[in-house]
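When reading the values below, keep in mind they use all heavy atoms of this one structure, side chains included, and skip hydrogens, waters and symmetry mates.
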There are 2 protein chains.
Amino acid sequence: MYSQSEENYLKAIYHLEESSEKGVSTSKLSEELQTKAASVTEMLKRLAEKKLVNYRKYYGVSLTPEGKSWALAIIRKHRLWEYFLVECLNFNWDEVHEVAEQLEHIQSKKLVEELDCFLGRPSFDPHGDPIPNAAGVLPEFKKRRLSEFKVGDTLICKGFSDASSSFLQFLDQHKIGLNTLVSIKSIQEFDESMLVKVGNNEIMLSKTATQNIFVERNKESKIKERA
Amino acid sequence: MYSQSEENYLKAIYHLEESSEKGVSTSKLSEELQTKAASVTEMLKRLAEKKLVNYRKYYGVSLTPEGKSWALAIIRKHRLWEYFLVECLNFNWDEVHEVAEQLEHIQSKKLVEELDCFLGRPSFDPHGDPIPNAAGVLPEFKKRRLSEFKVGDTLICKGFSDASSSFLQFLDQHKIGLNTLVSIKSIQEFDESMLVKVGNNEIMLSKTATQNIFVERNKESKIKERA
DNA sequence: TAAAATTTTTAGGCAAAACTAAATAATTTT
DNA sequence: AAAATTATTTAGTTTTGCCTAAAAATTTTA
């Protein structure tokens with residue numbers, strides 16, 4: 001429908017709209033996309049003609065509803081593929097981006113829906129970023145960090161932020177991955193480090209670590225807690 | 001490394017070299033790729049410069065070893081993705097081609113190798129076509145049709161040729177799919193139809209049907225036969 | 001608020017990959 | 001073997017998406 005380049009612009013505009021208060025300028029886009037400002041101007045005119053963006057010369061750009069929904073569709077694909085690569089194909093979190101960047105442009109409604117289904121309709125990708133559903137709606141609950149919970153909570157790991165390779169190795173070593181069950185045994189007050197149970201082992205996690213692990217409540221164990 | 005368009009030319013040349021005795025001409029290529037002859041000439045010059053093909057004006061084209069190995073790499077990716085779509089994502093055999101056509105151009109060594117591994121290193125795609133290995137070598141054993149076997153043989157379905165949608169429905173109905181176990185109970189001499197066992201049911205297959213089902217011997221059951 | 005600095009746009013090019021129309025080479029026919 | 005037909009190549013355009021350099025608009029600063 002749209003070219004890869006056009007899709008990359010839409011995605012970049014979406015991300016810049018999210019992350020910055022002020023509007024999206026030509027220069028911000030050119031930096032994000034590693035191209036020259038002149039190329040950006042040209043593309044913005046083309047996208048405006050296609051009604052994907054609102055563009056006023058010299059005053060920046062914003063997505064139309066049409067453009068936003070297309071951007072969300074690409075982000076959905078990107079994050080589902082990232083999930084697939086980590087979950088099924090043994091990719092590390094720091095290896096997925098480049099490949100997902102290519103896979104996100106594959107055009108096939110059926111492919112995306114079946115992949116989503118195959119993966120169990122995940123709500124967050126391996127970096128902890130939310131995955132929009134088929135209608136372009138983001139999951140309503142926010143990503144929460146392990147550090148926000150308290151003793152007794154049992155949680156499922158749903159993502160890990162900005163994994164440095166040493167953090168990654170650490171998690172690997174202790175068998176902490178996507179969908180791993182973690183329960184909080186105790187918390188040290190003075191440094192907020194946590195003693196958690198993973199499988200049959202107890203592991204000590206620093207505050208830094210618990211802030212970089214995204215989790216979801218384990219619904220099953222909640223029922224058990226009440227019983 | 002090479003553009004999608006260049007890759008499509010390499011693949012087309014490979015297929016035409018395989019299927020026809022005589023060399024590959026500009027017009028054959030233009031028909032295969034649905035483009036004009038003039039465009040083909042232009043591209044052949046470019047591919048020749050890159051040492052991917054041997055091209056002599058007015059006398060057609062052939063792949064260099066370098067070109068052939070790229071072509072096989074693309075075919076490998078195409079067929080692995082087809083297998084994935086059918087096996088994991090509930091695609092029918094007649095729906096996979098278009099999507100695999102896109103997926104085959106994704107560049108990532110790791111992706112291909114991990115996908116191959118994830119799928120259990122299949123030798124044939126859902127259409128019964130052989131999948132080259134990472135070194136570009138095709139499986140040495142040929143695809144065999146169910147019709148070539150005899151009473152008592154137990155076989156695993158590995159592909160289905162040119163599935164018309166009614167043939168497809170028929171197979172679906174009788175729970176015959178990729179990797180389904182089929183054993184031959186009896187063969188009618190006069191029309192070569194077969195009575196086969198699939199799961200707990202016995203099914204009658206016409207000669208036409210058995211000729212369109214590709215199978216492999218089931219190694220496990222061979223051992224049992226000896227015991 | 002006018003000058004200076006910065007940002008953005010315009011103008012003019014380039015490469016890839018397609019196209020049409022015209023020219024040329026190869027093959028077939030007579 | 002020359003003429004006719006067919007296949008292939010060349011030449012000249014188009015579109016997409018990038019580039020540089022120059023011009024114009026906006027913003028900052030003095």
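Considering all non-hydrogen atoms of both residues, B:Gln211 and B:Arg145 come closest at O-NH1, 2.6 Å. In terms of heavy atoms, A:Leu63 sits closest to A:Val53 at CD2-CG1, 4.0 Å.
Between A:Arg56 atom CZ and C:dT8 atom C1' the separation is 13 Å, expressed in whole Å. A straight line from NE2 of A:His105 to P of D:dG17 spans 12 Å, rounded to a whole angstrom. To the nearest angstrom, P of D:dC18 lies 11 Å from CG of A:Leu47. A:Gln34 places its CD atom 16 Å from the C1' atom of D:dG17, with the value rounded to the nearest Å. Following rounding to the nearest Å, B:Lys22 (NZ) and D:dA7 (C1') show an atom-to-atom distance of 13 Å. One can place CG of B:Leu44 at 11 Å from C1' of D:dT9, the figure rounded to the nearest angstrom. Rounded to whole angstrom, the span from the CE atom of A:Met43 across to the P atom of C:dT9 amounts to 15 Å. C:dT8 atom P lies 11 Å from atom CD of A:Glu31, rounded to whole Å.
Closest approach to the A:Lys45 side chain among D:dT8, C:dT9, C:dT10 is made by C:dT10 (side chain taken as heavy atoms from C-beta onward). Distance from the side chain of B:Ala38 is smallest to D:dT10 among D:dT10, D:dT8, D:dT16. For A:Lys36, the side-chain atoms get nearest to D:dC19 when compared with the rest of C:dA18, D:dC19, D:dT10. Checking D:dT9, D:dC19, C:dT8 against the side-chain heavy atoms of A:Thr26 singles out C:dT8 as nearest.
The side chain of B:Ser39 contributes no N or O atom lying less than 4.0 Å from OP1 or OP2 of C:dA18. The phosphate of D:dA7 has neither OP1 nor OP2 within less than 4.0 Å of any side-chain N or O from B:Lys28. Contact annotation: A:Ser27 reaches the phosphate of C:dT8 (side-chain N/O to OP1 or OP2, under 4.0 Å). Side-chain nitrogen and oxygen atoms of A:Ser25 include at least one within less than 4.0 Å of the OP1 or OP2 phosphate oxygen of C:dT8. Under 4.0 angstrom from either OP1 or OP2 of C:dT10 there lies at least one side-chain N or O belonging to A:Lys57. B:Arg46 has no side-chain polar atom (N or O) that falls below the 4.0 Å cut-off from OP1 or OP2 of C:dA16.
Summarising the local packing, CD of A:Gln107 is surrounded by more than 12 heavy atoms from other residues, nucleotides or ligands at distances under 6.0 Å.
The ring of B:His97 has its center no closer than 6.0 angstrom to the ring center of B:His127. For B:Phe84 and A:Phe84, the distance between ring centers is under 6.0 angstrom.
Cation-pi contact between B:Lys143 and B:Phe214: present, with separation from the ring centre below 6.0 Å and deviation from the ring axis of at most 45°.
Within residues 1-20 of chain A, the residues that place at least one heavy atom under 4.0 Å from DNA chain D are, in residue-number order, A:Ser3, A:Ser5, A:Tyr9.
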request  = Quick one: do A:Leu119 and A:Cys88 satisfy side chain to side chain contact (heavy atoms under 4.5 Å, CB included)? Show the steps, please.
outcome  = CA-CA 9 Å; A:Leu119 299 175; A:Cys88 302; 4.2 Å; yes

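Looking at which nucleotide of DNA chain D each of A:Glu42 and A:Tyr58 is closest to, the 5′-most match is held by A:Glu42. Heavy-atom distances to DNA chain D give each of A:Tyr59 and B:Gly60 a nearest nucleotide, and the one nearer the 5′ end belongs to B:Gly60.
Nucleic acid contact class of A:Thr41 (heavy atoms, under 4.0 Å, all strands): base.
A salt bridge links B:Glu192 with B:Lys207: the closest approach of a Lys/Arg side-chain nitrogen to an acidic carboxylate oxygen falls below 4.0 angstrom.
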